[in-house]
Amino acid sequence: MAATDYSDQPLADRIKANPRPAAIWAGVFVALIALELGALAGFVMALPYDVITEPLLGALPSVISGPLGGVLGVVADAGAAVDGLPTLLDRSVIPNQGYQMPDGSWENTFLGLSPAFAWALRLVVVYAYAFFVLYWVWRGYLVFREHYRYAAWTPTDDMIDRLRGHSWGTFGLVVVFLFIVMAIFAPTVSPTTANANIENPYSHQVQYYDEASGSVQTVTVGAANIASKSQGDSQNFGIGSYDPHDRFHPFGTLISGKDLFTFMAYGARVSLFIGLVAITIAGGIAVSLALMSAYYKGVFDLATVLVSDSFQAMPQLLVLIMLSVALGDTWISEIYSGAFVLALIFGIWGWTGLWRAVRGPAFQTVENEWVDAAESFGERADVLMRKHVAPYIVGYLLIYASMSMGGYMIATAGLSYIGIGVQPPTPEWGRAVSVGQNYIISDSWHISVLPGLAITTVVVGFNALGDGIRDAIDPQSEGGSADEVAATGGGA
């Protein structure tokens with residue numbers, strides 16, 4: 001039987017003609033998201049919108065700020081309501097904080113398991129859920145490919161198949177996915193929460209069995225942290241240890257007694273926030289300038305080259321330090337304890353490399369006959385660039401964006417290491433490396449080594465993913481550098 005010709009039908013019409021596969025896939029996907037909607041909303045609502053919206057509303061005339069403030073308030077209330085929804089993988093479903101009785105049994109933990117097993121079980125369930133969602137997204141692509149795409153084959157199929165068979169790229173994808181899941185589900189995968197253990201430890205309490213009095217006692221988390229400090233050979237709570245109050249610490253504790261795994265999980269959120277904001281800013285500037293350079297050429301392209309060279313001629317480390325200090329006392333530095341300032345600086349200074357990576361492919365693509373044909377039919381310049389050129393340079397942007405994410409993480413950790421990056425109490429991996437450096441040759445080596453290994457692994461993961469995307473887009477460049485890819489694409 002001949003295949004249905006969908007070439008002239010919008011996607012919505014193709015789904016109407018054959019709704020069953022799309023309905024099954026969408027039904028399962030909505031159910032999966034609904035199970036964890038509260039956790040996903042919590043991740044979004046944790047972003048500090050008020051630090052941006054309040055100055056914005058204050059600067060606008062009252063005739064505008066009034067209605068706009070009302071709309072933002074409704075959105076915030078809706079987000080808070082969704083954030084409060086119970087989730088299947090909530091930490092209260094599989095609690096891991098309890099105390100051990102004299103007979104060896106555990107109270108207040110999931111099924112009486114030890115805190116270590118209960119926490120590990122919750123961690124496994126969260127990652128199993130996340131990988132199934134990832135698999136179902138892949139299934140969605142296959143459903144589209146089998147039932148709703150008008151072409152039996154496209155070049156994208158070959159690129160995806162090459163990426164699937166690329167071991168190094170697959171390794172990078174897995175590492176990056178593990179990192180993203182840790183950031184999104186930080187309150188669930190952590191043994192405790194940042195609010196209880198890091199931000200407001202004296203506002204929360206923990207129960208434990210006191211052998212001296214022979215009864216269950218209650219103490220503030222802050223007091224329990226003081227008794228759980230890792231301070232070298234004199235006192236240490238290392239990997240997989242329990243403290244005197246029966247709290248389990250998978251990665252040990254910091255010199256302040258706070259849980260290191262919780263610190264790193266919430267620190268992943270900050271790193272992901274900085275990377276995504278910086279990439280969005282840098283990528284937006286780079287793609288816009290590359291498309292305009294390819295279309296207008298001449299003086300515009302020359303001016304862009306001069307501006308790019310000027311940015312690259314500046315000593316970026318000194319600029320980063322100078323701007324971080326200069327903006328340190330402004331309202332913008334309050335967003336995520338300085339994380340937004342870093343993201344803004346990385347984005348504004350990071351567009352040059354991305355622009356050079358996509359400029360060549362943009363110049364090459366704009367010379368194709370189909371672009372001339374679209375222009376001859378009177379298509380506007382912005383539509384021409386968006387529809388007929390931009391899709392062909394996105395792959396090159398992904399290569400550099402993936403590799404730049406690792407660079408932003410290293411830079412963020414470096415600035416936090418010297419004390420001018422993300423400020424306390426907001427967790428950041430580089431600061432953990434800094435506070436633990438004096439104990440690197442003691443029993444408390446885990447304070448610096450584990451965050452350092454995490455930074456290295458994630459950065460390698462982003463670079464490996466970038467390598468995989470590069471080789472998938474252009475197999476002829478396999479084993480070459482990213483610069484060679486850009487050159488192959490258009491001789492930038």
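Note that this is a predicted model, so its numbers are computed, not measured.
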Atom pairs and distances, donor-acceptor, side-chain atoms in residues 31-41, under 3.5 Å, two or more places apart:
residue : atom : partner : partner atom : Å
Glu36   : OE2  : Leu88   : N            : 3.3
Glu36   : OE2  : Leu89   : N            : 2.9

How far does [atom1] of [X] sit from [atom2] of [Y], to the nearest 0.5 angstrom?
| X | Y | atom1 | atom2 | value |
| --- | --- | --- | --- | --- |
| Ile274 | Tyr408 | CD1 | OH | 11.5 Å |
| Phe171 | Leu465 | CZ | CG | 11.0 Å |
| Phe237 | His446 | CZ | NE2 | 10.0 Å |
| Gln423 | Arg431 | CD | CZ | 7.0 Å |
| Leu291 | Arg386 | CG | CZ | 10.5 Å |
| Ile348 | Phe311 | CD1 | CZ | 7.5 Å |

Any side-chain heavy atom of [X] within less than 4.5 Å of one from [Y]?
| X | Y | answer |
| --- | --- | --- |
| Tyr400 | Val358 | no |
| Met264 | Pro427 | no |
| Leu342 | Phe273 | no |
| Met322 | Leu318 | no |
| Val176 | Phe462 | yes |
| Thr352 | Asp309 | no |
| Asp471 | Trp168 | no |

For residues 131-142, which side-chain donor-acceptor pairs fall under 3.5 Å, sequence neighbours excluded?
residue : atom : partner : partner atom : Å
Trp136  : NE1  : Trp25   : O            : 3.0
Tyr141  : OH   : Asp157  : OD1          : 2.8

*Would Ile255 and Lys229 satisfy side chain to side chain contact (heavy atoms under 4.5 Å, CB included), going step by step from the backbone distance to the final call?*
CA-CA 5 Å; Ile255 60 173; Lys229 294 179 177 179; 5.8 Å; no
What are the two closest heavy atoms between [X] and [Y], and how far apart are they?
| X | Y | answer |
| --- | --- | --- |
| Ala286 | Leu354 | CB-CB, 3.6 Å |
| Ser444 | Gln231 | OG-N, 3.5 Å |
| Gly430 | Ile455 | N-CD1, 4.3 Å |

Worksheet item: Which one of Tyr242, Tyr209, Phe248 satisfies the ring-ring contact (aromatic ring centres under 6.0 Å, His included) criterion with Trp106?
Response: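 Per the ring-ring contact (aromatic ring centres under 6.0 Å, His included) rule, the option paired with Trp106 is Tyr242, out of Tyr242, Tyr209, Phe248.
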Subject >> Residues, nucleotides or ligands: over 12 heavy atoms within 6.0 Å of Phe117 CZ >> reply: no
Run the side chain to side chain donor-acceptor pair (under 3.5 Å) test against Ser213 and tell me which residues pass, sequence neighbours left out.
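With sequence neighbours excluded, Ser213 shows a side chain to side chain donor-acceptor pair (under 3.5 Å) to Asp210, Ser215, Gln217, given in chain and number order.
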Listed pairs under 3.5 Å, donor-acceptor, residues 180-193 side chains, sequence neighbours left out:
residue : atom : partner : partner atom : Å
Ser190  : OG   : Ala186  : O            : 2.6
Thr193  : OG1  : Ala196  : N            : 3.2

Restricting to pairs with a member in residues 121-133, which pass side chain to side chain donor-acceptor pair (under 3.5 Å), not counting sequence neighbours?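 Qualifying pairs, neighbours excluded: Asn96-Arg122.
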The ring-ring contact (aromatic ring centres under 6.0 Å, His included) partners of Phe144 (sequence neighbours excluded) come to none
